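Everything numeric here is computed off the predicted structure, so don't read it as measured data.
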Amino acid sequence: MPKKVDHDERRREISEALWRIASTRGLDGVSLRDVAAEADISLGRLQHYFRSKAEMLVFALRQINQLAERRIREGVEKTAAGLGQEPPPRFVLRACVTGMLPLDEHSRIGQLVAAAYFAPAVHDERLRAEAQDGIPALRVFLAGLLRRAGERGELPADRDPDDEAMILISLVDGLTAYTLLHVHTPEEALRLLDRHLDRLFGAPAGR
């Protein structure tokens, strides 16, 4: 009896092959044949799962974003469980934005893959829409945390939660880019992020 193929799992394996290529040499000029070779399958087999390079790129970008979101959420939940109570908004906010930075090898690879998508997304409408997709929801989520902090008296009243959320997203993107370029270290990126949060909230006691 022939073995049943898990098509979703096979697509994820192909995506991971694409990520390995993207994290080491980018996506410029990468073909379906290149990805098939990296995944150790035939070109015909790859085209059974993805009819075009654009379709494969969109699927792989969606997967990397979902994995990053899951990693950040699990990190927040694990740290919150260690506290034994619902953490304050600033705590959750910091855990989320630090989870977006390339502070270790796993997150660095993820961000290298995301960076490889940037230039193609500028010119490809479908990729650009996929890259933009999560930003409004992330802005709403971070703004919600900032709004709760304001209601608890932990954030100055003159801070606009929506604007500050977008500033945070932009700051993290900039810190990520410069960390990947080795302009500064992961430790320096984290220090600069904490400095911004101190200015936003007011430095906590003991710092």
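To the nearest 0.5 Å, the span separating OG on Ser23 from CD on Glu16 amounts to 11.5 Å.
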Pair Ser107-Asp104, side chain to side chain donor-acceptor pair (under 3.5 Å): steps then yes or no: CA-CA 6 Å; Ser107 57; Asp104 54 34; 2.7 Å; yes
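Remark: Arg11 engages Asp8 in a salt bridge, criterion side-chain N to carboxylate O under 4.0 Å. Salt-bridge annotation for Asp133 and Arg62: absent, with no side-chain N of the basic residue lying under 4.0 Å from a carboxylate O of the acidic one. The residues Glu151 and Arg148 are annotated as not salt-bridged, no charged nitrogen and carboxylate oxygen being separated by less than 4.0 angstrom. Look at Arg90 and Glu154 and you find no salt bridge, because none of the NZ, NE, NH1 or NH2 atoms lies under 4.0 Å from a carboxylate O. Here Asp163 pairs with Arg139 in a salt bridge; the nearest charged N to carboxylate O distance falls below 4.0 Å. Arg12 has a carboxylate O that lies under 4.0 Å from a charged side-chain N of Glu9, or vice versa, which qualifies the two as a salt bridge.
Other residues, nucleotides and ligands contribute more than 12 heavy atoms inside 6.0 Å of the CZ atom of Phe91. Other residues, nucleotides and ligands contribute more than 12 heavy atoms inside 6.0 Å of the CZ atom of Arg152.
Contact of the Thr179 side chain with the Glu188 side chain is not registered, since no non-hydrogen atoms from C-beta on lie closer than 4.5 Å. Leu171 places none of its side-chain heavy atoms less than 4.5 Å from the side chain of Val97. Between Tyr117 and Glu130 the shortest side-chain heavy-atom distance does not fall below 4.5 Å. A heavy-atom distance below 4.5 Å is found between the side chains of His48 and His7.
Residues Leu57 and Leu32 are members of one and the same hydrophobic cluster, defined by side-chain heavy-atom contacts under 4.5 angstrom among Ile, Leu, Val, Met, Phe, Trp and Tyr.
For Ser31, the side-chain hydrogen bond (donor to acceptor under 3.5 Å, both in side chains) test picks out Asp34, with sequence neighbours left out.
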